[in-house]
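Working notes, structure below.
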Amino acid sequence: MTETTQDEYARALGKEVAIGSVDKELRQLWEEDKASTNASLVNLAVYSEAEGAILRNSEIVQAITREHACRAILIGIDRDAPEASIRAWITAHCHLSQQGSKSVCCEQLAFQLTGKATGRLRNTVFAHLNSDLPLVFWWQGELSPIFSERLYSLIDRFVFDSSEWSQPLESFQKINQVMEESDELYPLDLEWTRSYPMRLALAGLFDDPLAAQALEHFNQIRIVVHPDHAMAGLQILAWLVDSTGWQRSQELGLCGETSPESSQGYCFHFETNEGSNVTATVECDASSAQIGLVELSGADCTVRVLRNAGSSYQHQQLEAGDHQIDQLMPAASTDACELVADQLSRGGKNTLYRTMMPLFLDLLACQGG
């Protein structure tokens with residue numbers, strides 16, 4: 001670590017303390033500051049194996065603690081470093097109360113582990129959890145062997161962003177295995193959260209009687225996403241098919257013949273509850289918004305939700321003969337920090353995610369993972 005980097009660590013992470021003195025130093029921190037109130041409703045651990053991520057995550061946590069009181073634990077790990085080491089820092093993120101007379105502060109503990117010291121993650125780092133509060137664990141980047149039963153058995157909510165994965169099928173199979181073994185771990189995929197406004201807008205269109213009547217007569221589904229968000233496109237399709245009760249095509253099978261190089265993207269086949277064939281495509285377009293289009297069409301009706309790249313709004317559209325609907329509605333932010341803050345506000349058991357997972361895994365396998 002260079003001298004400049006050490007200064008950056010001190011500015012971002014606060015006071016460096018001996019690993020055996022973290023609790024003592026925290027007590028002294030609060031004893032020296034009588035003008036502030038320590039607040040915490042949840043343990044928020046932010047984990048990354050990327051170099052320098054622990055510094056960026058301190059800024060992210062500072063933003064999150066403006067709205068969510070928590071004990072934040074930042075974890076940076078370099079598993080490939082030859083030397084085993086573990087360092088710790090403590091600080092507090094303070095914000096004025098609504099009355100403006102007193103600061104409300106959230107503790108931040110930061111741990112940087114290297115080499116064989118990464119095996120001390122559970123015993124050393126998690127010894128500093130606030131034991132009366134649930135643990136929300138935000139895993140950034142690819143899943144690694146660190147994600148094991150010894151780790152996830154401590155976690156209440158597991159936040160990750162599948163759009164960051166280079167081998168999504170392998171990682172999702174691991175997540176699915178954990179979900180099957182335990183009902184206590186709630187996975188919160190930011191890619192799934194990212195698709196929520198689109199799913200909400202699409203479901204709202206079926207409040208219209210003509211759209212509801214046309215549901216069993218649609219024969220095309222078209223979903224367009226940015227190439228970095230193919231997981232969101234597949235998850236929307238799995239949710240949509242699962243919600244309608246449709247099945248994979250008995251005649252054609254689930255997987256279509258189009259290839260990723262095709263302009264039509266990935267193709268899948270389904271049957272409606274009345275036995276009609278439905279062809280679904282998930283297209284990746286670099287000019288698209290993260291999730292640019294979800295459209296269902298048939299001979300007499302088309303429903304779609306579309307969002308242009310860079311727009312803060314999305315369109316709800318319905319076309320059924322002379323009956324036309326075209327209205328704008330706000331599209332929520334897709335920033336990872338704001339999505340995590342949103343998850344901290346919502347809670348819930350995310351049962352829809354568990355429900356759509358089996359079909360989603362099959363779709364992912366079709367397009368080669």
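Residues: numbered from 1 along the sequence shown.
Counting only distance, with no hydrogens or angles, the side chain of R354 and the backbone of M179 share a donor-acceptor pair below 3.5 Å. The main-chain N or O of G141 is found under 3.5 Å from a side-chain atom of E164 such that the two form a donor-acceptor pair. The main-chain N or O of S48 is never found under 3.5 Å from a side-chain atom of N57 such that the two would form a donor-acceptor pair. When atom types are taken as modelled, the side chain of D156 and the backbone of L135 share a donor-acceptor pair closer than 3.5 angstrom. When atom types are taken as modelled, the side chain of R307 and the backbone of S311 share a donor-acceptor pair closer than 3.5 angstrom. Remark: the backbone N or O of A12 is paired with a side-chain donor or acceptor of S58 at under 3.5 angstrom. In terms of modelled atom types and a separation under 3.5 Å, the side chain of Q220 and the main chain of S297 share no donor-acceptor contact. Checking side-chain atoms of Q324 against main-chain N and O of G321 turns up a donor-acceptor pair under 3.5 Å. Between the S182 side chain and the V178 main chain, no donor and acceptor come within less than 3.5 Å of each other. Using modelled atom types, one side-chain atom of T114 and one backbone atom of E83 make a donor-acceptor pair closer than 3.5 Å.
The existence of a salt bridge linking E107 and R71 is confirmed by a sub-4.0 Å separation between a basic side-chain nitrogen and an acidic carboxylate oxygen. R194 has a carboxylate O that lies under 4.0 Å from a charged side-chain N of E191, or vice versa, which qualifies the two as a salt bridge.
When all heavy atoms of L29 and A92 are compared, the pair lying nearest together is CD2-CB, 4.3 Å. Looking at every heavy atom in both residues, Q314 comes nearest to P197 through NE2-O, 3.0 Å. Between E216 and N273, the shortest heavy-atom distance links the atoms OE1-N, 2.8 Å.
Side chains of Q327 and Q316: a donor-acceptor N/O pair is present below 3.5 angstrom, by distance only. For the residue pair R87 / Q112, no side-chain donor-acceptor distance below 3.5 Å is found, with atom types taken as modelled. Looking at E49 and Y47, their side chains do bring a donor and an acceptor atom within 3.5 Å of each other. A donor-acceptor pair shorter than 3.5 Å can be found between the side chains of D189 and Q235. With no hydrogens or angles considered, no side-chain donor-acceptor pair links E271 and S276 at under 3.5 Å. Defined by atom type and a distance below 3.5 Å, a donor-acceptor pair is missing between the side-chain atoms of H226 and D285. For the residue pair H323 / D208, a side-chain donor-acceptor distance below 3.5 Å is found, with atom types taken as modelled. E181 and Y152 share a donor-acceptor pair across their side chains, judged by distance under 3.5 Å alone. S195 and R199 are linked by a side-chain donor-acceptor pair at a separation below 3.5 angstrom, with hydrogens and angles left out of the test. A donor atom on one side chain and an acceptor atom on the other are not found under 3.5 Å apart for Q140 and D161.
Around atom CD of E67, no more than 12 heavy atoms belonging to other residues, nucleotides or ligands sit under 6.0 Å away. Heavy atoms of other residues, nucleotides or ligands lying less than 6.0 angstrom from CG of D300 number 12 at most. Counting heavy atoms of neighbouring residues, nucleotides and ligands inside a 6.0 Å radius, atom NZ of K24 does not exceed 12 of them.
I175 places a side-chain heavy atom less than 4.5 Å from the side chain of F147. Between F172 and W165, the closest side-chain pair of non-hydrogen atoms falls below 4.5 Å. With contacts defined as side-chain heavy-atom distances shorter than 4.5 Å, the pair L339/V159 does not qualify. Two residues are said to be in side-chain contact when any heavy atoms from C-beta on lie closer than 4.5 Å; L151 and F126 meet this criterion. Looking at heavy atoms from C-beta onward, F158 lies out of side-chain contact with L188 at the 4.5 angstrom threshold. Residues V241 and V278 fail the side-chain proximity criterion, which asks for heavy atoms closer than 4.5 Å. Residues R248 and D362 have side chains in contact (heavy-atom distance under 4.5 Å, counting atoms from C-beta outward). A heavy-atom distance below 4.5 Å is found between the side chains of F111 and I19.
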- Give the intermediate values and the outcome of side-chain hydrogen bond (donor to acceptor under 3.5 Å, both in side chains) for residues H269 and N277. CA-CA 7 Å; H269 299 296; N277 290 324; over 6 Å; no

- Query: Given the rule in the side-chain contact (heavy atoms from CB on, under 4.5 Å) test, do M231 and F360 qualify, once you have shown the distances and angles that lead to the verdict?
  - Reply: CA-CA 9 Å; M231 296 304 100; F360 167 70; 4.0 Å; yes

- Item | Evaluation steps, side-chain contact (heavy atoms from CB on, under 4.5 Å), between I90 and V22 | CA-CA 8 Å; I90 62 168; V22 171; 4.2 Å; yes

- Task: Dump the intermediate steps for ring pair (Phe, Tyr, Trp, His ring centres under 6.0 Å) on W192 and Y353, then the final yes or no.
- Result: CA-CA 8 Å; W192 176 247; Y353 192 78; 5.6 Å; yes

- Task: Could you walk me through whether D78 and L113 pass side-chain contact (heavy atoms from CB on, under 4.5 Å), step by step?
- Result: CA-CA 6 Å; D78 181 356; L113 296 87; over 6 Å; no

- Stepwise, does the side-chain contact (heavy atoms from CB on, under 4.5 Å) test hold for V46 with I75? CA-CA 6 Å; V46 186; I75 306 163; over 6 Å; no

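Hydrophobic clustering of Ile, Leu, Val, Met, Phe, Trp and Tyr side chains at less than 4.5 Å, counting indirect connections, unites L234 with W239. Linking Ile, Leu, Val, Met, Phe, Trp and Tyr residues whenever their side-chain heavy atoms come within less than 4.5 Å leaves I223 and L306 in two separate clusters. Criterion: ILVMFWY side-chain heavy atoms under 4.5 Å apart, direct or through other members. Under it, L318 and L293 are not part of a common hydrophobic cluster. M329 is not connected to I236 by any chain of hydrophobic side-chain contacts under 4.5 Å among Ile, Leu, Val, Met, Phe, Trp and Tyr, and they are in different clusters. V303 and L210 are assigned to two separate hydrophobic clusters, defined by single-linkage of ILVMFWY side chains at heavy-atom distances under 4.5 Å.
Cation-pi geometry between R157 and W138 is not met: the NZ or CZ atom fails to fall both under 6.0 Å from the ring centre and inside 45° of the normal.
Proximity of the aromatic rings of W139 and F160 is defined here by a centroid distance below 6.0 angstrom, and this criterion is not met.
The SG atoms of C106 and C70 are placed at least 2.5 angstrom from each other. In this model, C255 has its SG atom within less than 2.5 Å of the SG atom of C366.
Checked against disulfide bond (SG atoms under 2.5 Å apart), C301 has no partners two or more places apart in sequence or in another chain.
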